[in-house]
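What follows is a single structure, written as structure tokens, with notes after it.
Below, each value reflects all heavy atoms present in this structure, side chains not excepted, and no hydrogens, waters or symmetry copies. Remember, predicted model here, so these are calculated numbers, not experimental data.
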Amino acid sequence: MDHSDHGDHASHMAAGTGAVGGASWSMAVKATPHCLTGCAIGEILGMVIGTALLWGNVPTMVLAISLAFVFGYSFTLFAVRRAGLDWGSAVKIALAADTVSIAVMELVDNSIIALTPGAMDAHLSDGLFWYALLGGFAVAFLITTPVNKWMIGRGKGHAVVHSLH
């Protein structure tokens, strides 16, 4: 197990940015892109697959959301596995660390897409498709960051995996 950044973790805890006393905005801003990256990969892949196959809006969104969770969890899962955790423990930690963050991100992102006129009917070659999707990610980042800050400050979310990567 790599303990090279435990000193950094200890300083976060000592400064009141870990599970006791709240989290810093800096920690929340660093944690959110981790979730956003997995969500974005899954979401884009699902939207591209569903759109390319001419699926309807509902099956495309179901696929995109499902893949967002799969990729979002997998980033944490593989990171904690590299830290030496067994599969069962790694799955439990990934679920505990990322479920709320991914759910909020997906709710916000998909709401933006659904509420953007014409976005649900746009094709891969349409700028509107990409603007709505990427704009949704930007808004999701802004809304999910305070959620992550609140969770980290209570020893939940990214705080669960912080010492493992």
Side-chain angles (χ1 to χ4, degrees), residues 12 17 22-83 87 90-162 164-165:
H12 286 312
T17 59
S24 70
W25 281 105
S26 173
M27 184 182 286
V29 168
K30 289 177 186 174
T32 304
H34 173 87
C35 176
L36 180 63
T37 303
C39 287
I41 291 169
E43 184 86 19
I44 290 170
L45 185 60
M47 292 288 192
V48 167
I49 290 169
T51 302
L53 295 176
L54 303 176
W55 288 1
N57 293 336
V58 172
T60 297
M61 287 185 92
V62 168
L63 177 63
I65 292 167
S66 298
L67 289 176
F69 273 93
V70 167
F71 279 91
Y73 286 138
S74 69
F75 278 23
T76 297
L77 181 66
F78 292 116
V80 297
R81 285 281 299 143
R82 275 193 310 272
W87 278 103
V91 167
K92 288 177 187 174
I93 285 179
L95 291 173
D98 292 336
T99 298
V100 171
S101 184
I102 294 170
V104 169
M105 199 161 285
E106 286 304 297
L107 176 68
V108 171
D109 177 51
N110 283 283
S111 294
I112 298 290
I113 294 167
L115 295 173
T116 300
M120 293 300 294
D121 296 320
H123 296 281
L124 295 175
S125 59
D126 295 335
L128 180 60
F129 173 90
W130 296 102
Y131 293 134
L133 190 61
L134 298 176
F137 291 141
V139 173
F141 178 85
L142 294 174
I143 292 175
T144 306
T145 299
V147 171
N148 284 339
K149 181 183 184 305
W150 181 80
M151 289 182 57
I152 293 167
R154 281 145 189 80
K156 309 285 185 203
H158 187 72
V160 175
V161 297
H162 184 71
L164 298 172
H165 63 83

Give the table of side-chain donor-acceptor pairs shorter than 3.5 Å for residues 57-66, with sequence neighbours excluded, one pair per line with atom names and distance.
| unit_1 | atom_1 | unit_2 | atom_2 | d |
| --- | --- | --- | --- | --- |
| Thr60 | OG1 | Gly56 | O | 2.8 |
| Ser66 | OG | Val62 | O | 2.7 |

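- A distance of 11.0 Å separates CD1 of Ile102 from CG of Leu36, quoted to the nearest 0.5 Å.
- One finds the CD atom of Glu43 at 4.5 Å from the CG atom of Asn110 (value rounded to the nearest 0.5 Å).
- A 4.5 Å side-chain heavy-atom check between Pro33 and Phe141 finds at least one atom pair inside the cut-off.
- The backbone N or O of Met105 sits nowhere less than 3.5 Å from a side-chain atom of Asp109 that would complete a donor-acceptor pair.
- Note that the CD1 atom of Ile44 and the SG atom of Cys39 stand 11.0 Å from one another [nearest 0.5 Å].
- Phe69 is linked by a ring-ring contact (aromatic ring centres under 6.0 Å, His included) to Tyr73, counting only residues two or more places apart in sequence or in another chain.
- Atom-to-atom distance recorded for Thr76:OG1 and Asp98:CG is 3.5 Å, nearest 0.5 angstrom.
- Judged purely by atom type and a 3.5 angstrom limit, Lys149 uses its side chain to pair as donor or acceptor with the backbone of Ala23.
- Not counting sequence neighbours, the partners of Ser74 by the side-chain contact (heavy atoms from CB on, under 4.5 Å) test are Phe71, Phe78.
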Identify every side-chain donor-acceptor pair in residues 112-135 under 3.5 Å, counting partners at least two apart or on other chains, and give the distances.
| unit_1 | atom_1 | unit_2 | atom_2 | d |
| --- | --- | --- | --- | --- |
| Thr116 | OG1 | Ile112 | O | 2.6 |
| Asp126 | OD2 | His123 | N | 2.8 |
| Trp130 | NE1 | Leu124 | O | 2.6 |

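- For Thr32, the side-chain hydrogen bond (donor to acceptor under 3.5 Å, both in side chains) partners two or more places apart in sequence, or in a different chain, are Thr145, Asn148.
- For the side-chain contact (heavy atoms from CB on, under 4.5 Å) test, residues two or more places apart in sequence or in another chain that qualify with Val104 are Val100, Val108, Ile143, Thr144, Val147.
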